[in-house]
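Worksheet for the structure shown next.
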Amino acid sequence: MEGTREPRLRAVGSYCSIAEADDLDLSRLLDKPRLNIERQRSFDERSLSELSINLRGLDAADSIYSPGAAGRSGFDTPGSSTWHSFEPHPMVGDAWEALRRSLVSFRGQPVGTVAAYDHASEEVLNYDQVFVRDFVPSALAFLMNGEHDIVKNFLLKTLLLQGWEKKIDRFKLGEGAMPASFKVLHDPVRKTETLIADFGESAIGRVAPIDSGFWWIILLRAYTKTTGDLSLAETPECQKGMRLILSLCLSEGFDTFPTLLCADGCCMIDRRMGVYGYPIEIQALFFMALRSALALLKHDAEGKEFIERIVKRLHALSYHMRNYFWLDFQQLNVIYRYKTEEYSHTAVNKFNVIPDSIPDWVFDFMPTRGGYFIGNVSPARMDFRWFALGNCVAILSSLATPEQSMAIMDLLESRWEELIGEMPLKICYPALESHEWRIVTGCDPKNTRWSYHNGGSWPVLLWLLTAACIKTGRPQIARRAIDLAESRLQKDGWPEYYDGKLGRYIGKQARKFQTWSIAGYLVAKMMLEDPSHLGMISLEEDKAMKPVIKRSASWTC
């Protein structure tokens with residue numbers, strides 16, 4: 001960086017310790033004055049064609065500040081809205097108390113929340129650590145409540161951890177990899193505190209998280225959007241951190257698809273569940289992180305190079321996802337009648353999917369009205385399962401067209417019992433069973449049918465569902481789901497997940513006082529109370545994106 005002294009990086013082993021790291025370069029950022037810059041138009045509304053044609057014009061582009069989302073809104077200072085107003089539920093106050101108990105401090109400053117505060121559990125495992133993905137709903141809750149410094153501290157500390165060399169069994173990870181989690185170790189004798197990060201070397205299955213970097217960029221945008229504080233995102237350290245993440249996922253290789261090739265266990269579904277290849281969750285987060293980065297990258301020489309690459313990738317990725325991952329009644333009928341062994345660019349069945357591989361349940365599950373992004377598309381294989389997080393993020397990031405977003409909501413209403421049941425929300429549907437479960441999961445005892453990631457119900461997904469409902473103008477769906485959660489969630493001790501086809505039973509290995517179950521509920525409540533909060537996590541449709549083309553036309557052109 002010109003005119004900037006970059007912090008020295010020290011090579012470390014499997015664990016990254018920053019007990020004696022030079023915190024000065026990042027801590028000084030906390031003292032920078034906050035800038036509230038008003039501009040005429042937001043990056044979110046600028047078209048990708050504008051960005052690709054006139055990069056110079058972006059130097060005068062707008063702030064992504066969202067004044068409506070900057071105020072406090074919590075159980076102690078309830079916001080109001082003429083669009084939707086109601087009295088706070090009694091459990092909101094208890095939820096805030098539980099969330100604050102989960103706070104983790106490093107050298108006197110709060111830097112995150114532990115995954116779970118379950119003292120009754122005999123096995124702690126890594127639930128006493130701060131996970132990047134788990135902290136996102138906590139961060140959104142604090143931002144909505146006007147407590148911005150907690151989020152700022154978290155962003156800075158994880159950025160510092162990213163800068164350390166990462167080795168697993170003598171193999172060096174990509175420079176831009178973000179940790180899955182970190183822990184604060186206290187030494188009462190020496191009276192010191194040390195951060196220990198896990199980049200996958202301690203994880204069950206030893207898989208590095210791909211989603212951590214994407215969530216970090218998305219959260220940085222949420223912080224900037226809420227506070228109007230551009231100074232953090234524009235620091236050389238944050239700019240470099242974003243570029244390192246983007247370098248990992250935009251690197252050229254042998255892949256013929258614009259989607260991101262991933263291993264099993266690289267995201268929220270962190271165990272073997274057959275989501276290897278091109279899982280919808282990662283593709284949707286990838287798309288959202290790329291669009292968020294467009295609003296945050298500076299337009300200097302290095303930034304413009306990445307902006308050009310992002311714009312090209314977004315066009316290709318949106319076309320690929322909207323056409324090949326989308327499934328509704330019409331598309332299912334097309335796939336059902338596929339011919340195989342087609343060659344050349346005129347092929348309709350481009351991935352050589354055998355129609356007999358379509359599972360029977362899809363035909364009964366698919367309503368006449370409604371649709372969704374399927375779990376995976378790769379050569380000779382389509383994963384027709386519904387995955388909640390990927391479809392909700394597709395709506396929030398505008399990866400889904402307005403028509404597709406409404407179709408996803410139609411599907412949720414049509415298949416309420418299967419996808420919502422008695423506790424929102426199914427992480428995926430349907431569950432793997434019998435021989436398929438043994439082969440795909442490796443006989444995983446935690447992922448038995450309708451449990452954990454194999455069709456379990458996860459309360460944390462409530463905030464994503466609520467945000468998607470508000471964006472599509474269907475708040476009644478969110479209200480109904482929140483009512484279900486309020487009938488049991490606190491009484492059951494805020495569990496991590498629920499089991500059973502309807503989500504009726506507390507998960508067999510679920511931790512109590514799971515922080516993101518608590519935070520997810522709070523974010524859903526505050527967002528429904530004050531819909532202006534949606535702006536921190538939602539991106540409007542880019543006008544330059546071509547509308548979805550029917551598969552029968554697009555595959556024969």
Side-chain angles (χ1 to χ4, degrees), residues 66 68-103 113 117 134-148 150-151 219 222 225-226 388-389 392 395-396 412 420 422-425 457-498 503 513-538:
S66 178
R72 292 172 61 87
S73 177
F75 77 98
D76 53 344
T77 54
S80 63
S81 170
T82 55
W83 185 78
H84 194 104
S85 182
F86 54 88
E87 288 296 319
H89 193 279
M91 67 187 267
V92 172
D94 292 331
W96 271 110
E97 289 180 14
L99 180 60
R100 296 194 191 285
R101 281 199 304 270
S102 71
L103 278 169
T113 52
Y117 198 77
D134 291 41
F135 181 67
V136 171
S138 296
L140 297 179
F142 288 127
L143 287 175
M144 291 178 184
N145 205 43
E147 300 176 66
H148 306 146
I150 300 172
V151 181
L219 185 56
K225 182 86 173 177
T226 305
L389 194 150
C392 288
I395 292 174
L396 295 176
L412 275 165
I420 307 293
E422 295 187 17
M423 177 57 67
L425 173 64
S457 297
W458 290 70
V460 62
L461 297 171
L462 189 62
W463 79 265
L464 285 157
L465 173 64
T466 301
C469 289
I470 294 172
K471 184 170 183 179
T472 53
R474 311 278 272 273
Q476 70 279 4
I477 298 178
R479 177 70 265 168
R480 187 179 171 193
I482 290 172
D483 287 343
L484 282 173
E486 287 178 336
S487 68
R488 291 192 58 189
L489 202 51
Q490 183 186 21
K491 182 176 64 177
D492 293 339
W494 306 97
E496 180 183 16
Y497 62 94
Y498 285 78
F513 290 93
Q514 187 78 18
T515 303
W516 68 356
S517 295
I518 298 165
Y521 166 73
L522 286 172
V523 171
K525 288 287 286 187
M526 287 190 285
M527 202 174 287
L528 201 58
E529 176 190 353
D530 184 358
S532 69
H533 288 312
L534 180 67
M536 72 170 68
I537 201 66
S538 176

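Counting heavy atoms from C-beta on, the side chains of L219 and F135 come closer than 4.5 Å.
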Between L396 and L534, is a side chain to side chain contact (heavy atoms under 4.5 Å, CB included) present by the stated rule, with each step listed? CA-CA 9 Å; L396 295 176; L534 180 67; 4.1 Å; yes

Assess the residue pair K491 and M91 against the criterion (side chain to side chain contact (heavy atoms under 4.5 Å, CB included)); give the C-alpha distance rounded to whole Å, side-chain angles, the decisive distance to 0.1 Å, and a yes or no. CA-CA 10 Å; K491 182 176 64 177; M91 67 187 267; over 6 Å; no

Given side chain to side chain contact (heavy atoms under 4.5 Å, CB included), test T226 with L140 step by step and report yes or no. CA-CA 10 Å; T226 305; L140 297 179; over 6 Å; no

Full working for side chain to side chain contact (heavy atoms under 4.5 Å, CB included) between V92 and Y521: CA-CA 8 Å; V92 172; Y521 166 73; 3.5 Å; yes

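Closest approach of M423 to L489, counting heavy atoms only: CE-N, 4.3 Å. In terms of heavy atoms, V523 sits closest to P137 at CG2-O, 3.2 Å. Closest of all the heavy-atom pairs between P475 and L528 is CB-CD1, 4.1 Å. Here the shortest heavy-atom pairing between P495 and Q514 reads C-CB, 4.1 Å. The minimum heavy-atom distance between Q476 and G473, with the atom names listed, is OE1-O, 4.3 Å. The shortest heavy-atom contact between V151 and A139 is CG2-O, 3.5 Å.
Judged by distance alone, the side chain of K471 and the main-chain N or O of I395 form a donor-acceptor pair under 3.5 Å. At least one donor-acceptor pair under 3.5 Å links the side chain of D530 to the backbone N or O of S532. Using a distance-only test at 3.5 Å, with no hydrogens or angles considered, no donor-acceptor pair links the side chain of S538 to the main chain of G535.
Just one residue in the list L461, L484, L462 forms a side chain to side chain contact (heavy atoms under 4.5 Å, CB included) with L425, and that residue is L461.
Note on E486 versus R479: salt bridge recorded, some NZ/NE/NH1/NH2 to OD/OE distance being below 4.0 Å.
Between the CZ atom of F142 and the CH2 atom of W96 there is a distance of 5.5 Å, given to the nearest 0.5 Å. A distance of 10.0 Å separates OH in Y117 from OG1 in T515, rounded to the nearest 0.5 Å. Atom CG in L99 sits 5.0 Å away from atom OG in S138 (nearest 0.5 Å). For the atom pair M527 CE and I482 CD1, the distance stands at 10.0 Å (nearest 0.5 Å). For the atom pair CD (E147) and CG (L103), the distance works out to 8.0 Å, reported to the nearest 0.5 Å. In this structure, the separation between OG1 on T113 and CG on D134 is 7.5 Å, given to the nearest 0.5 Å.
S102 meets the side-chain hydrogen bond (donor to acceptor under 3.5 Å, both in side chains) test with no other residue; sequence neighbours excluded. Annotation: side-chain hydrogen bond (donor to acceptor under 3.5 Å, both in side chains) contacts of T466 (sequence neighbours excluded): none.
Every pair passing ring-ring contact (aromatic ring centres under 6.0 Å, His included) that includes a residue from residues 457-478 is listed here, sequence neighbours excluded: Y452-W458, H453-W458, W458-Y497.
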